[in-house]
Amino acid sequence: MSEPAPALHVTDLGQGPRTVIFLHGLLGQGKNLAGAARSLDGLAHCLLIDAPNHGRSAWTEEIDYPMMADFIADELSNRGALDDPVVLVGHSMGGKIAMCLTLDHPELVSKLCVVDIAPVSYPNAGYFNSLMDAMAGLDLTALHSRREADEALAPEIPDRAVRGFVLQNLHHETAGHGGEGRWYWACNLDLLRRSTAVLSGFPEMGEASWDGPVLWIAGQNSDYVRPEYRPAMAALFPEVHQVTVASAGHWVHAARPQAFAELLTAFVTV
């Protein structure tokens, strides 16, 4: 790591004999996976980690997957994962972080669950680019309420659920002495925007592979996991088992929470 490890925001949920780590996707936060974590209460102690440059975690000057994996590996090591390896669950960007972490720090991981992403470079990052462009185009200095922000983003982000996902990054800082304060993006928007080529790619892992159990969950209505990506996944993770969740898109855990929880429960407890 070329930078000092940033402070990571971690939320603890539930209790149980196992430890499950949840890693969110681009523009997300650990709390996005809180429902899945709560479904494991009694079976596992869950940690929801805000990735660097997201949520309440610290920002860095640069970003790539091995760097983020190393930072999170340090956090897990400090929490005892060397003695008690964890179950790692990563969605989208978090899935790529989870794969890199497992390959680079296999001693910390007992099982890996990758949700609707593959270890490949995606040629078109346009969707997330458009979301971040819309965020960057919002005049925060003229903003008076979250409702105004929602209305301003609607032409560029017509899907209300996606706007809600984006707006979770919008925070308000109250000024003292009766001032109005300021609105700001909690994520490191400038860095993420200029790093889309890195984030849509996947690093070269050399001859690395990991033969532990891997659950690969795909959404039926998503194109992030395609048949042609299977060889890349199997080359890195020979014991991968793929499950496709019907009537789910990229955010599988949000679209089909019960089905997602059942898959996780079975995987964690086997």
Side-chain angles (χ1 to χ4, degrees), residues 20-30 32-37 39-40 46 48-49 51 65 68-69 86-103 109-129 131 159 161-162 165 196 199-203 205 208-270:
V20 180
I21 310 301
F22 288 89
L23 304 177
H24 61 81
L26 181 61
L27 299 179
Q29 299 176 33
N32 297 147
L33 292 151
S39 74
L40 297 175
C46 296
L48 311 175
I49 299 180
Y65 285 113
M68 289 190 285
V86 303
V87 179
L88 200 52
V89 181
H91 169 249
S92 196
M93 177 192 78
K96 288 188 171 183
I97 297 171
M99 286 186 277
C100 288
L101 194 158
T102 301
L103 293 167
V109 182
S110 63
K111 296 180 179 181
L112 171 65
C113 175
V114 178
V115 185
D116 212 63
I117 202 70
V120 301
S121 294
Y122 291 87
N124 183 7
Y127 180 68
F128 279 96
N129 282 342
L131 296 183
D159 188 304
V162 177
F165 171 74
T196 52
L199 295 173
S200 63
F202 191 77
M205 302 304 295
S209 67
W210 189 73
D211 61 2
V214 178
L215 175 62
W216 195 17
I217 299 177
Q220 182 186 34
N221 301 329
S222 171
D223 63 356
Y224 280 83
V225 177
R226 300 180 180 180
E228 59 264 35
Y229 299 157
R230 174 78 188 200
M233 190 67 165
L236 296 174
F237 304 103
E239 298 301 318
V240 66
H241 171 64
Q242 181 179 343
V243 176
T244 299
V245 178
S247 304
H250 183 53
W251 286 275
V252 184
H253 51 285
R256 297 290 310 280
Q258 185 62 36
F260 187 74
E262 289 173 0
L263 286 170
L264 270 189
T265 298
F267 183 61
V268 167
T269 55
V270 168

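As the structure is a prediction and not an experimental result, all values here were calculated from the model. Along the sequence shown, the residues carry numbers beginning at 1.
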What distance separates N129 CG from S200 OG, expressed to the nearest 0.5 Å? 8.0 Å
Please report the interatomic distance CG(L264) to NE2(H253), rounded to the nearest 0.5 Å. 10.5 Å
Rounded to the nearest 0.5 Å, how far does CD1 of I217 lie from CG of L263? 5.0 Å
Partner residues of A37 under the side chain to side chain contact (heavy atoms under 4.5 Å, CB included) criterion, sequence neighbours left out: L13, F22, C46, L48
If we only count heavy atoms from C-beta on, is the D116 to V225 side-chain gap below 4.5 Å? yes
Enumerate the ring-ring contact (aromatic ring centres under 6.0 Å, His included) contacts for residues 208-233, please, sequence neighbours excluded, ordered by first and then second residue. Y122-Y224, Y122-Y229, Y224-H250
Tell me, please, which residues at least two apart from A51 pass side chain to side chain contact (heavy atoms under 4.5 Å, CB included). H24, H54, M93, I97
Taking the side chain as C-beta and beyond, is there a heavy-atom pair between M99 and L112 under 4.5 Å? yes
Is the count of non-hydrogen atoms from other residues, nucleotides or ligands lying under 6.0 Å from D211 atom CG greater than 12? no
Drop me the distance from C113's SG to L88's CG, to the nearest 0.5 angstrom. 9.0 Å
Please name the pair of heavy atoms, one in C100 and one in M205, separated by the smallest distance, quoted to 0.1 Å. SG-SD, 4.2 Å
To the nearest 0.5 Å, tell me how far F267 CZ sits from L40 CG. 11.5 Å
Minimum heavy-atom distance T269-T265, with the two atoms named: OG1-O, 2.6 Å
Check whether any side-chain heavy atom of V270 sits under 4.5 Å from a side-chain heavy atom of K111, and report yes or no. yes
Residues passing the side-chain hydrogen bond (donor to acceptor under 3.5 Å, both in side chains) test with E262, sequence neighbours excluded, are Q258
Separation of L23 CG from S92 OG (nearest 0.5 Å): 11.5 Å
Do T196 and F128 have side chains that approach each other closer than 4.5 Å (heavy atoms only, starting at C-beta)? no
Give the minimum heavy-atom separation between S39 and A261, together with the two atoms involved. OG-CB, 3.5 Å
Donor-acceptor check, side chain of R226 to backbone of D223, threshold 3.5 angstrom: yes or no? yes
Residue set satisfying side chain to side chain contact (heavy atoms under 4.5 Å, CB included) with S121, at least two apart, ordered chain then number -> none
Side-chain donor-acceptor distances from residues 231-245 under 3.5 Å, at least two apart:
none

For M68 and L199, which heavy atoms make the closest approach, and how far apart are they? CE-CD2, 4.1 Å
